[in-house]
Structures are given as C-alpha cells and as structure tokens.
Undergrad: 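First, the structure itself, so that you have it in front of you.
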Amino acid sequence: MRRAGFLFLLPLLLFSCRPTDEVGHTTTPYALPQPLFFPTINSIPADNPMTVEGVTLGEKLFFEENSCSSCHHPEYSFELGPDGNLENLGTQHTMLPLINLAWNTSGLGWKGEVASLEDMVYAAVTDPKEINTDTTRFVERLQQSDTYPELFHKAFGTSTIHFGLVEKAIAQYVRSLVFANSKFDRYLRGEVQLSQEELNGYLLFVTEEGADCFHCHGGGSNALFTTNLLYNNGLDSEYHGNFKAPTLRNIAITAPYMHDGRFHTLDEVIDFYSEGVQYSEHISPLMHHVMQGGVQLTDTEKAQLKAFLNTLTEE
Ligand code: HEC
Ligand code: HEC
C-alpha cells in the first residue's frame, strides 16, 4: 500500500522539483557588516555569494547532530571549551575559533593548509577524526529528510542536493560569524572608556619596547587581532614548523592555548612571551626580544596586558 502510494506521488514530486536554472528563483543578498578598522573584504568566492537563504540553511547544517557544532561550540568562540578533549580523536591540534573568517585570505587550519571554507567543510565531513562519513552518505540523509530539499531549493534553486551545495551553505554560515562588539570595539567607537590598567595594557600590546605583540596579532589599525599569517613564535628550541597566529578576540574563553594546548591560562601565555621564548634559527625575526628570552614584563605590566586582552571578549 505504502509503496503504491509513493509511486503514485512520484510524478507529482518530480513535477514540483524545479531545475537549477529555474527562471524567477530569487534569493535575498546577505550583507556582511564592515566593522571599524577591519580590512576590506576580498575573500568571498564569486561562485558563492552570500544570501539570507544560504546562511539559514548553512546554520541548520552546522548545528545538526554530529555535525560541526559537536566540536565548534558558540559559547566558546566556536571552540571546544576548557573541558573539551580532542585526545581521543588522535589529533595533537587544539581548536581554532570560527570568527571573522570572511576576512581570512591566507589559508585555514593551524598550518594554513586548507585553501577555502568550502574545502574545509569537505575536509571536516570526511576526516576520520572529525565527522567521518562520506559525502554520498551525508547527502543521502539530507535528501531523504522532510525539510532539507525545500531549504536547498530556497537557497540554490534546486531540491536535488549535492555535496558542493552543502559546502557552499556551511561556508556562507561560517562567513556570517562576525565578531566586532567587544568592550574594546565599543571603546574604538567612542561608546565606553577603558580603565587605566586596560589602556596601559593596550599600549604595551602595540609598542615594540613594550610587549611587542602587534606585528603578528594586529591592534587598533587591524582590529581582526591577527594577520592570519604563519610564524614561529619560539615555543621550542627544536623546530616544529610555523603555525598560524590565531586571532586574540575572545582569547579569554578559548583555552587551552597554542596548537598543542600546552598553556591553560593567559598568565602562562604571558609568562612565556615575557621570559620563556626559545631561540632557534627558524624563529620569526618579529620576535625581537628573543636574545633576552622575551619581552621582560614586570608583574604590573603582565596584569595590564591581561586586562587589555580581556577587553577583547564578546558575549
Ligand atoms: C571532531 C571535532 C571537529 C569537528 C566535528 C569539526 N571541526 Fe573544524 N576544527 C577542528 C579542529 C581540531 C581544528 C583545528 C584544525 C587544525 O588545524 O589542525 C578545526 C578547524 C576548523 C577551521 C579552521 C579555522 C581557522 O581559523 O583556520 C574551520 C573553518 C572549521 N574547523 C570548520 C568546521 C566545519 C564547517 C565543520 C563541520 C562541517 C567542522 N569544522 C567540524 C575540529 C572539528
Ligand atoms: C612573531 C609573531 C608573534 C608575536 C610577536 C606574538 N605572537 Fe602570539 N602567537 C603567534 C603564533 C604563531 C601563535 C601560535 C603558535 C603555536 O601554536 O605554535 C601565537 C599564539 C598566541 C596565543 C594563543 C592563541 C590560541 O588561540 O591558542 C596567545 C594568547 C598569544 N599568541 C598572545 C600573544 C601576546 C600577548 C603577544 C605579545 C606579548 C604575542 N602573542 C606575540 C605569533 C606571535
């Protein structure tokens, strides 16, 4: 009976399935904001413009059970959080925050090895240590659901799902994650004052004779708080390669720190830059104070630097 009913419905379904280039399919452009002191965006691929419908679909896919949000938690700047444990996944790499990636032009992952957000979706879905499925199975499940075919139709003008569209939708959602409303942003916009301690910390951050952080992690004129480039920052005297300088936005809530999670508090990170920097011939020339073992901050200066870093957190 059921089968017969299904067969009877089939022609109707096919008839209502509209082709990709359907005339009259419209979407609403999704406008990304251009926050103060952010570079101009030039990394949105021409073949994946952002639309309200695409972002909505991507968000739903991101938060599906066993999908991206099982590791990338919004309350921890889209990282795993302090109690998260990646060890049983067999990877030594800690998480990276998924914020302001629409402005990333230089590769994703700690080694910058993934070229685009679309490619990262493919990598995450197929990686045995991440979602660990194949794209065919992933698409089949969506195609059989009650809701997804229609959402794909709204976003892309076709209810025939293929993995390229999954990549596009999730990439659009991740690009929509703009963070530009921390206390420090409100200070830049003239809406709040920073305390004297926070201001002193900011001055240390952006001066070479101070804590000398800004060359790699940005500052007032680069409010992404990262260059998105790879460096060796002198964690070890043995060379393990260059790693991405992560954004310092939300840094207070993204412990553990560094690609291998070796530091658990910002105090430990600041102590490292102050007096724990290791020389190797590969260390970045921007680590100007390596011959003194670091930037040599007093306890007061360390507290000021930390107070400033805490102003970069956003609810
Ligand atoms: C099992 C946990 C896990 C899952 C599930 C997961 N990720 Fe990740 N993600 C990570 C880890 C760990 C990294 C850091 C990777 C590295 O460089 O080694 C990362 C890095 C990323 C980055 C790079 C960020 C940057 O600044 O370079 C993006 C983008 C990303 N993930 C998106 C996704 C998307 C989209 C999904 C769902 C399709 C997903 N991830 C699913 C663990 C996960
Ligand atoms: C030469 C470039 C460079 C300079 C200068 C620099 N950093 Fe970094 N920073 C990096 C790199 C690269 C990493 C990631 C290193 C790794 O994991 O191997 C990093 C990581 C960090 C992290 C951990 C981020 C995370 O999400 O795990 C913090 C916090 C940090 N830096 C703060 C600072 C502060 C504060 C200063 C100034 C005292 C500073 N950095 C100076 C390049 C730099």
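Residue indices begin at 1 and follow the sequence shown. Both ligands and their constituent atoms are indexed starting at 1 by order of listing.
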Undergrad: Judged by atom type as modelled, is there a donor-acceptor pair below 3.5 Å linking the side chain of Glu268 to the main-chain atoms of His264?
TA: yes
Undergrad: Take the angle between the ring planes of Phe163 and Phe138 and call it parallel below 30°, perpendicular above 60°, tilted in between.
TA: perpendicular
Undergrad: Applying a 4.0 Å heavy-atom criterion (strictly less than), which segment of Cys68 is in contact with ligand 1: side chain, backbone, both, or neither?
TA: both
Undergrad: Examine Tyr202 together with Tyr187 and report whether their ring centres are nearer than 6.0 Å.
TA: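 No; Tyr187 has its ring centre 6.0 Å or more from that of Tyr202.
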Undergrad: With a cut-off of 4.0 Å, which atoms of ligand 1 are near a heavy atom of Ile131?
TA: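 Here the atoms of ligand 1 in question are 5 (C), 37 (C), 38 (C).
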Undergrad: Please list, in number order, the atoms of ligand 1 under 4.0 Å from a heavy atom of Ala124.
TA: 36 (C), 38 (C), 39 (C), 40 (N), 41 (C)
Undergrad: Less than 3.5 Å apart, any donor N or O on the side chain of His288 or Asp212 sitting next to an acceptor on the other?
TA: yes
Undergrad: Is the His259 ring parallel, tilted or perpendicular to the Phe243 ring (thresholds 30°, 60°)?
TA: parallel
Undergrad: With a 4.0 Å heavy-atom cut-off, what residues sit around ligand 2?
TA: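 The answer is Trp110, Ala211, Asp212, Cys213, Cys216, His217, Tyr231, Asn233, Leu235, Phe243, Lys244, Ala245, Pro246, Leu248, Ile251, Tyr257, Met258, His259, Val269, Tyr273, Ser284, Leu286, Met287, counting any residue whose heavy atom sits under 4.0 Å from ligand 2.
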Undergrad: More than 12 heavy atoms of other residues, nucleotides or ligands under 6.0 Å from NZ of Lys302: is that the case?
TA: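 Enclosed.
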Undergrad: Do side-chain atoms of Gln34 reach the backbone of Leu32 as a donor and acceptor pair under 3.5 angstrom?
TA: no
Undergrad: Under a 4.0 angstrom heavy-atom cut-off, which atoms of ligand 1 come close to Leu117?
TA: 29 (C)
Undergrad: Would you check if the side chain of Asn100 reaches a backbone N or O of Leu224 as a donor-acceptor pair within less than 3.5 Å?
TA: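 Between the backbone of Leu224 and the side chain of Asn100 there is no qualifying donor-acceptor contact (under 3.5 Å).
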Undergrad: Regarding ligand 1, does Gly109 bring an N or O atom to under 3.5 Å of one of the ligand's N or O atoms?
TA: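 Between Gly109 and ligand 1 (N or O atoms, distance only) the closest approach is under 3.5 Å.
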Undergrad: Would you call the rings of Phe63 and Tyr173 parallel, tilted or perpendicular, taking 30° and 60° as the class edges?
TA: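 Perpendicular.
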Undergrad: Applying a 4.0 Å heavy-atom criterion (strictly less than), which segment of Leu101 is in contact with ligand 1: side chain, backbone, both, or neither?
TA: side chain
Undergrad: Counting backbone and side-chain atoms alike, does Cys71 have an N/O/S atom under 2.8 Å from atom 8 (Fe) of ligand 1?
TA: no
Undergrad: Suppose I only count heavy atoms of Lys129 and a 4.0 Å limit; which atoms of ligand 1 are within that range?
TA: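 Once the distances to Lys129 are compared, the set is 1 (C).
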Undergrad: Heavy atom under 4.0 Å from ligand 1: found in Ile170's side chain, backbone, both, or neither?
TA: side chain
Undergrad: Against the six-membered ring of Tyr148, is Lys60 placed for a cation-pi contact (under 6.0 Å from the centre, within 45° of the normal)?
TA: yes
Undergrad: Numbering the atoms of ligand 1 from 1, which are under 4.0 Å from a heavy atom of Ser67?
TA: 5 (C)
Undergrad: Between Asn233 and Tyr273, does any side-chain donor sit less than 3.5 Å from a side-chain acceptor?
TA: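 Distance-only check passes for Asn233 and Tyr273.
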Undergrad: Is there a donor-acceptor pair closer than 3.5 Å between any side-chain N or O of Glu53 and the backbone N or O of Thr28?
TA: yes
Undergrad: Going by distance only, is there an N or O of Glu130 that falls short of 3.5 Å from an N or O of ligand 1?
TA: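 Yes, at least one N or O pair falls under 3.5 Å.
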Undergrad: Could you see which bit of Val114 sits under 4.0 Å from ligand 1, with heavy atoms only: side chain, backbone, both or neither?
TA: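 The answer is neither.
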Undergrad: For atom 8 (Fe) of ligand 1, find the closest N/O/S atom belonging to His72 and write down its atom name.
TA: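 Nearest N/O/S atom of His72: NE2.
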